[in-house]
Amino acid sequence: MRTSQFLISTLKETPADAEIISHQLMLRAGMISKLAAGIYTWMPVGLRVLRKVEKIVREEMDAAGAQEVLMPATQPAELWEESGRWGKFGPLLLRFTDRHQREFCFGPTHEEVITDMVRRNLRSYRQLPANFYQIQMKFRDETRPRFGVMRAREFLMKDAYSFHLDAESLAETYERMRQAYCAIFDRTGLTYRMVEADSGSIGGAASHEFHVLADSGEDAIAYSNGSDYAANVEKATTQLVTANPAAPAREMQRVSTPNQKSIGGVAKFLELPIEQVLKTLLVKGMDTPVVALVLRGDHELNEIKAEKLAAVVSPIEFASDAEIKRAVGCGAGSIGPVGLDIPVIADHAALAVADFACGANSDGEHLTGVNWSRDLPPAEAQDLRNVVVGDLSPDGQGQLEIVRGIEVGHIFQLGDTYSEAMGATCLDENGKDRVLTMGCYGIGVSRVVAAAIEQHHDDRGIIWPAALAPFDIALVPINLQRSKQVRETIEKLYADLTAAGYEVLLDDRKERPGVMFADMDLIGIPRRVVVGERGLAEGKVEFKQRGAESSEDIPLADLITRLAQ
RNA sequence: CGGGGCGUGGCGCAGUCUGGUAGCGCACUUGACUGGGGGUCAAGUGGUCACAGGUUCAAAUCCUGUCGUCCCGACCA
């Protein structure tokens, strides 16, 4: 490809409304162009990268036995009414009406469509298990699209759905998909981690997320430095403390703590380490108006864990100031577990603390030297908190570290939610009709592109991993217009490298070298070959890796061999 | 959906408070010089100042409304 015939639409300045680096660089490198909030055109440079991701995904899905299909982006409302999601999905679903006043939506996901396809076309267990995938634009009307294509409304996704007669078959395909995902992300050249995930509202047995590690990631993931354990912090647990707390050493005392409303403030005021102070949160309960949740002062409530408790309403809802006052007779800053006549649930770590301080259920007062069993009945023990760095891995091997990740893939064992609601069945070996069980497997293809940039860039621009780069080699001639020697050499190189199977971008614009270097660096082409009269006089050209500190002059004759290394 | 910011050539911005000929840098076009890290000089192209009303002799500027867009939060693959 020649730059004279290929749109290089780079920007020197950063567009004002791009916040994160990948968004800025995608705009500056001319990869994408915004049409509306969360809706982008993929321009030539960007599309080449997107296609690279797609190709890897497609090859690995095919290799794992999945069959490619292409489902409609436009979906009729009836299908969503069958699954019960037309009402439930809410404003995230972009709905519209055709000329006959029939309602449709732009597909945000395709469970309904694939389930419909399967119930119409699969009849026998002999056709199972079956796994269908597509690479398709989805539309989700996010309340706040942001970060360019990272959280766009219209985005390219690979989604796959598998169908089985039983759970064992589903588990087999799930495992095969898990391996395929590892193969896919290995091939991208990105640093990623597979983590245990909360299966969320979709429910189902197992669920894993794939995260590209980057400081700007929206998710926190915990992993063990001594084993393979890794989980989204939403779900991560630690080895639970079951040991009894130390023996009481102090008497319980009521102390005045005027105007101390935060845990940090109370700890400081009482001159106690924050781990020695327990905090009590009131949330709405299922059977009682409120439930008390007790945590160590330095720990954070994990709302997902909490709302799974039978006693707690889901989704979780914190008690209002008025409800707190009614239930315990004080403000939020002075609640404590002592003497409460509402259900009290404590995190394991909070139950292991002796001689602790806590609110006295009276404004401006706290209790110190409090001990479970002696001063109050031991609360129900539960895992309520987010893990923190240094917690023991739940498998007992090593300690937890926490890093940020960008979720690029998610695999679920879905179960029969959709097949049951929509009547997707097959005959089994005994000729009996059985409801199918499903798995679903997603990859945010366009998000992978942004995540790659978050992980691989410098102050000059993008540094593509070889597998994702829009081109393999940038050919930069110096003085192309004036030097016949340069012109002839570069044309031959272009032909030879292309014949050798490289994707080459020859910069034949009438630009100064600095402009060409800056553009090739910004676009992030992994390797650059510069041809100028100066070097040719010695039979040499300049070779530089995008991320490398400096370039090297190598004999023209050795170039192809050198590139092959 | 709650809170806040911003809409002036393709991009980044000034001008708005205090109404009076629409500006700057980059980009783009042409020419000359230049030619190994976004070069210099010269001459140009391009904007009904988001939109709709209103006030006024006169509105980018003041008033009212609408829309778009970005950020924080809630929500979400």
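Note that these values count all heavy atoms, side chains included, but never hydrogens, waters or copies made by symmetry. By convention in this document, chain letters (A, B, ...) are assigned in the order of the sequence lines, proteins followed by strands, and residues within each chain are numbered from 1.
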Could I get a table of every N or O pair under 3.5 Å where one atom is in the protein and the other is in nucleotides 69-73 of chain B?
{"from": "B:U69", "atom 1": "OP1", "to": "A:Ala37", "atom 2": "N", "distance (Å)": "2.9"}
{"from": "B:U69", "atom 1": "O3'", "to": "A:Lys34", "atom 2": "NZ", "distance (Å)": "2.9"}
{"from": "B:C72", "atom 1": "OP2", "to": "A:Arg144", "atom 2": "NH1", "distance (Å)": "2.8"}
{"from": "B:C72", "atom 1": "OP2", "to": "A:Arg144", "atom 2": "NH2", "distance (Å)": "2.7"}

Test side chain to side chain donor-acceptor pair (under 3.5 Å) applied to A:Trp80 and A:Glu111, A:Gln75, A:Glu103, the passing residue: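 Among A:Glu111, A:Gln75, A:Glu103, the one meeting side chain to side chain donor-acceptor pair (under 3.5 Å) with A:Trp80 is A:Gln75.
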A:Ser22: side chain to side chain donor-acceptor pair (under 3.5 Å) partners, not counting sequence neighbours: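 Testing A:Ser22 for side chain to side chain donor-acceptor pair (under 3.5 Å), a comparison that skips the adjacent residues, returns A:Glu454.
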Test side chain to side chain donor-acceptor pair (under 3.5 Å) applied to A:Arg28 - qualifying residues, sequence neighbours left out: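 Side chain to side chain donor-acceptor pair (under 3.5 Å) list for A:Arg28, sorted by chain: empty.
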Pair A:Gln485, A:Ser483: side-chain N/O donor-acceptor within cut-off below 3.5 Å: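 There is no such pair (donor and acceptor under 3.5 Å, judged by atom type) between the side chains of A:Gln485 and A:Ser483.
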Test ring pair (Phe, Tyr, Trp, His ring centres under 6.0 Å) applied to A:Phe104 - qualifying residues, sequence neighbours left out: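 Expected list: none.
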First of A:Ser551 and A:Glu407 reached from the 5' end of RNA chain B, by closest nucleotide: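 On the 5' side of the pair lies A:Ser551.
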Using heavy atoms and a sub-4.0 Å distance, could you list which residues of [range] are near RNA chain B? By number, please.
{"range": "residues 179-191 of chain A", "result": "none"}
{"range": "residues 462-479 of chain A", "result": "A:Ile478, A:Asn479"}
{"range": "residues 135-142 of chain A", "result": "A:Arg140, A:Glu142"}

Partners passing salt bridge (Lys or Arg N to Asp or Glu O under 4.0 Å) against A:Glu533 (at least two apart in sequence or in another chain):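 Salt bridge (Lys or Arg N to Asp or Glu O under 4.0 Å) list for A:Glu533, sorted by chain: empty.
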Listed once per pair and sorted, the side chain to side chain donor-acceptor pair (under 3.5 Å) pairs that draw on residues 29-39 of chain A, sequence neighbours left out: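 Output for this query is empty, none listed.
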Residue pairs involving residues 514-528 of chain A (criterion side chain to side chain donor-acceptor pair (under 3.5 Å); sequence neighbours excluded):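 Residue pairs passing side chain to side chain donor-acceptor pair (under 3.5 Å), neighbours aside: A:Thr10-A:Asp519, A:Arg509-A:Asp519, A:Arg528-A:Glu542.
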Between CG on residue A:Leu190 and NE2 on residue A:His456, distance to nearest 0.5 Å: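 The distance works out to 5.0 Å.
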With 3.5 Å as the limit, what N/O pairs link the protein to nucleotides 23-27 of chain B?
{"from": "B:G25", "atom 1": "N2", "to": "A:Glu13", "atom 2": "OE1", "distance (Å)": "2.7"}
{"from": "B:C26", "atom 1": "O3'", "to": "A:Lys12", "atom 2": "NZ", "distance (Å)": "3.4"}
{"from": "B:A27", "atom 1": "OP1", "to": "A:Lys12", "atom 2": "NZ", "distance (Å)": "3.4"}

Pairs: protein N or O with nucleotides 29-31 of chain B N or O, under 3.5 Å:
none

Separation of B:A77 P from A:Ile411 CD1 (nearest whole Å):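 Computing the A:Ile411:CD1 to B:A77:P distance gives 16 Å.
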Length of the line joining A:Asp458:CG and B:G37:C1', which is rounded to integer Å: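 Those two atoms, CG and C1', are 14 Å apart.
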Cation-pi, A:Trp42 ring and A:Arg51 (6.0 angstrom, 45 degrees):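 Because its charged atom misses either the 6.0 Å distance or the 45° angle limit, A:Arg51 does not stack over A:Trp42.
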